[in-house]
Amino acid sequence: MKPFVRIHPRDSVAVALRPLAAGRAVSAGGLAVTPVEEIPAGHKVALEAIAAGEPVIKYGFPIGAATRDIPPGAHVHTHNLRTLLSGELDYAFASEAVPLPPEAPERFMGYPRADGRVGVRNYIWILPTVGCVNDVARALERRAQVLTGGGVEGVFAFAHPYGCSQMGEDQENTRQILADLALHPNAGGVLVLGLGCENSGVDAIRERMDGFDPRRVRFLVAQDAEDELEEGLRLLGELAEAMRGEGRESCSADKLVVGLKCGGSDGFSGITANPVIGGFSDLLIARGGATILTEVPEMFGAETLLMNRCEGEAQFEKTVDLINGFKRYFEAHGQPVYENPSPGNKAGGISTLEDKSLGCTQKSGSAPVSGVLAYGERVLAPGLNLLSAPGNDLVASTALAAAGAQIVLFSTGRGTPFGAPVPTVKISSNSALAEKKRGWIDFDAGGMLEGGTLSGFARALMDYVLAVAGGEKVKAELAGYRDIAIFKTGVTL
């Protein structure tokens, strides 16, 4: 393995691929450096002298400014580097979008739905409209396991604490996300379970479910039933009966919508796992599919790279609103806009939000931005879409599922076990993590550090995603890990 990598020819720092000892000269790619102190793996080492106040360059862009003079070979991190980001910015439209050459769609075995979408699973979902009936939903999930088989791949309840005592946009978020999930193509059957006196009751969810298929959705208000468990099991039985005999059929990959997410990133994420996801995104989009990039606060500092790839001025203006709107959300709550990266990110070698964002946006590949979605809005067209949602792993992954993603790709350098409502593919940025957490990691992109090619890894990830779409279970599914989290933005009554 090379001792370090310089990501872009303009960079003033390199990333250590293994721990570098102080005083021992190392070289790679025609560059030589002698560390003046120990450099942990994944962390940055100065390739040249950087004066106090000068920008530090990584990925070809500034990731902050030096807070003191930094000599060649020094460790560049939070102790001598600060962010250059501040507040809302003005942007100018200057599109550099270049369409990807189209490729013939590939195929996978899925479940065609009446609305033209395709499911990659055939589950029954129980969706509580309010936290008060969470335990009823869980009890129904336990009792309904006898319904699995014969077309029903599983029965799962998704508890959450919301649905009542909410106001305005906050309440609307809950209603819309639940309606989106009730229409999701991975659910062959859905029971919308309400209490009866909540703000976001069954009727409020149903009126947001435009064009739902009555064969695959049932509604139950617990206060209206003499025995809600008995009635719930009866309705679940009806859904299961309607799904009997359903099987997978050959479907075009242009029906796939894949969410792109990262969490627990480290210094390797932006040079292995995230670029591999970006390569996959380009492959899928070239074949007529769609991908969704979210976690808006982790676009701060790299947003112009996305803005410059917008297909037109309308998408550009939406992206500006996406970025500045999230900054205003932080400011309205009296919180610093750039309170990022996390402690785990810093331990892994990420120093500033620019550093994190430039690595995170590698997941978007090179495709033009074809759509910009509000929170709770569903994907309507192929291509690369940007979705308004925070960086929180489960909130963002739930938002991706609600937007229509049948699968979420989740890169990580630190590891995490969670699962979203849809298959959540964990992609490690380093092979040590993949080896240690075999029960968490589905795809190891760490081989990129050993000389693997981006195109080869992207193709391998494409093949794996098609296998998952065709029914292969990911580690979180095998462990039974699946949850939802709704974006809470307002007052609780």
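- A donor-acceptor contact closer than 3.5 angstrom links the side chains of T129 and E198.
- No side-chain donor-acceptor contact under 3.5 Å links Q335 to the backbone of E331.
- Atom CG of residue L147 and atom CZ of residue R244 lie 6.0 Å apart, to the nearest 0.5 angstrom.
- For the atom pair NZ (K436) and CD1 (I441), the distance works out to 11.5 Å, reported to the nearest 0.5 Å.
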Could you walk me through whether V468 and V120 pass the side chain to side chain contact (heavy atoms under 4.5 Å, CB included) test, one step at a time? CA-CA 8 Å; V468 171; V120 305; 5.9 Å; no
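- With hydrogens and angles disregarded, no donor-acceptor distance shorter than 3.5 Å links the side chain of K426 to the backbone of A434.
- In this structure a side-chain-to-backbone donor-acceptor pair under 3.5 Å is present from N122 to G151.
- Using modelled atom types, no side-chain atom of E228 and backbone atom of V221 make a donor-acceptor pair closer than 3.5 Å.
- Taking CG of D224 as the start and CZ of F219 as the end, the distance is 14.0 Å to the nearest 0.5 Å.
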Test side chain to side chain contact (heavy atoms under 4.5 Å, CB included) applied to S200 and L178, step by step: CA-CA 10 Å; S200 297; L178 292 175; 5.8 Å; no
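- Annotation: cation-pi pair R121/F156 absent, no NZ/CZ under 6.0 Å from the ring centroid and within 45° of its normal.
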Evaluate the salt bridge (Lys or Arg N to Asp or Glu O under 4.0 Å) criterion for residues K363 and E295: first the C-alpha distance (whole Å), next the side-chain angles of each, then the deciding distance (0.1 Å), finally the verdict. CA-CA 12 Å; K363 300 191 299 293; E295 50 193 336; 3.5 Å; yes
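- Under the 3.5 Å distance criterion, the side-chain polar atoms of R216 are matched with a main-chain donor or acceptor of A187.
- Residue pairs meeting the side chain to side chain donor-acceptor pair (under 3.5 Å) criterion with at least one partner in residues 380-406, sequence neighbours excluded, are K261-D393.
- Atom CG of L293 and atom OG of S364 lie 6.0 Å apart (nearest 0.5 Å).
- Here E377 pairs with nothing under the salt bridge (Lys or Arg N to Asp or Glu O under 4.0 Å) rule; sequence neighbours left out.
- One side chain, E354 or T83, offers a donor N or O that lies under 3.5 Å from an acceptor on the other.
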M167 and L493: side chain to side chain contact (heavy atoms under 4.5 Å, CB included), yes or no, with the steps? CA-CA 8 Å; M167 302 173 66; L493 295 175; 3.3 Å; yes
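- A salt bridge is defined here as a Lys NZ or Arg NE, NH1 or NH2 lying under 4.0 Å from an Asp or Glu carboxylate O, and R138 with D135 meets this definition.
- Residues L433 and T412 have side chains in contact (heavy-atom distance under 4.5 Å, counting atoms from C-beta outward).
- When the shell of 6.0 Å around CD of E207 is examined, it contains more than 12 heavy atoms from other residues, nucleotides or ligands.
- No more than 12 heavy-atom neighbours from other residues, nucleotides or ligands sit within 6.0 angstrom of CZ on R215.
- The side-chain contact (heavy atoms from CB on, under 4.5 Å) test with L100 singles out one residue from L284, I285, L283, and that residue is I285.
- Judged by distance alone, the side chain of D180 and the main-chain N or O of A403 form no donor-acceptor pair under 3.5 Å.
- Atom-to-atom distance recorded for I427:CD1 and I277:CD1 is 4.0 Å, nearest 0.5 angstrom.
- Ring geometry for H184 versus W125: interplanar angle of 30 to 60°, hence tilted.
- Partners of D115 under the salt bridge (Lys or Arg N to Asp or Glu O under 4.0 Å) rule, at least two apart in sequence or in another chain, are R117.
- Side-chain atoms of D444 and S428 form a donor-acceptor pair, as typed in the model, at a separation below 3.5 Å.
- Counting heavy atoms from C-beta outward, R175 and I205 have side chains that approach closer than 4.5 Å.
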Check step by step if salt bridge (Lys or Arg N to Asp or Glu O under 4.0 Å) holds for K473 and E153. CA-CA 11 Å; K473 285 186 168 60; E153 295 185 343; 5.6 Å; no
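- Residues M299 and M307 are not in side-chain contact: their nearest non-hydrogen atoms beyond the backbone lie 4.5 Å or more apart.
- Aromatic pair Y329/F487: centroids less than 6.0 angstrom apart.
- Atom CD of E169 has 12 or fewer heavy atoms from other residues, nucleotides or ligands within 6.0 Å.
- Rounded to the nearest 0.5 Å, atoms CZ (F316) and CG (L322) are 12.5 Å apart.
- Atom CD of E241 sits in a sparse spot, with 12 or fewer heavy atoms from other residues, nucleotides or ligands closer than 6.0 Å.
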Report the C-alpha separation of R234 and E238 in whole Å, then their side-chain angles, then the decisive distance to 0.1 Å, and conclude whether the salt bridge (Lys or Arg N to Asp or Glu O under 4.0 Å) test is met. CA-CA 6 Å; R234 184 186 70 79; E238 290 181 1; 2.5 Å; yes
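- Judged by a 6.0 Å distance limit and a 45° cone about the ring axis, K356 is not positioned over the six-membered ring of F300.
- Comment: E106 engages R459 in a salt bridge, judged by a side-chain N to carboxylate O separation of less than 4.0 angstrom.
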Between D321 and K318, is the salt bridge (Lys or Arg N to Asp or Glu O under 4.0 Å) condition met? List the steps. CA-CA 5 Å; D321 290 343; K318 286 184 177 181; over 6 Å; no
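- The closest side-chain heavy-atom distance from L305 to R309 is not below 4.5 Å.
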Applying side chain to side chain contact (heavy atoms under 4.5 Å, CB included) to T319 and E303, what does each step give before you reach the verdict? CA-CA 8 Å; T319 305; E303 67 268 32; 5.8 Å; no
